[in-house]
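As structure tokens, the structure follows; a few thoughts come after it.
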Amino acid sequence: MKTSKDKSKNLATPGKPMSQDEFVSLIKEAEEGIFLTEKEFDKKFEEWRLKRKK
């Protein structure tokens with residue numbers, strides 16, 4: 001899953017709290033993503049690592 005490049009809001013900026021609605025919408029957006037099992041992740045990571053090693 002790729003993140004949207006349209007969002008220019010920096011969520012790491014201290015002193016700029018977000019609203020409860022913004023927080024909930026970010027959580028819901030993250031929950032809609034594609035999830036891998038630990039074994040699937042390990043396999044993909046190993047493939048990526050070997051590909052970069054060449």
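Just so you know, these numbers use all the heavy atoms, side chains as well, and skip hydrogens, waters and symmetry mates.
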Item to check | Pairing residues for E40 by the side chain to side chain contact (heavy atoms under 4.5 Å, CB included) criterion, not counting sequence neighbours | outcome: L36, T37
Checklist entry - Where is the tightest heavy-atom contact between S25 and E22, given as atom of each residue plus distance? => result OG-O, 2.8 Å
Next on the checklist: Tell me whether E38 at atom CD has more than 12 heavy atoms from other residues, nucleotides or ligands lying less than 6.0 Å away.
Outcome noted: no
Checklist outcome for this item: Taken in chain and number order and not counting sequence neighbours, the residues that satisfy side chain to side chain contact (heavy atoms under 4.5 Å, CB included) with E46 are R49, L50
Item to check | Under 4.5 Å side-chain linkage, directly or through intermediates, the cluster mates of F35 | outcome: none
Item to check | Aromatic plane relationship, F45 with W48 - under 30° parallel, 30 to 60° tilted, over 60° perpendicular | outcome: tilted
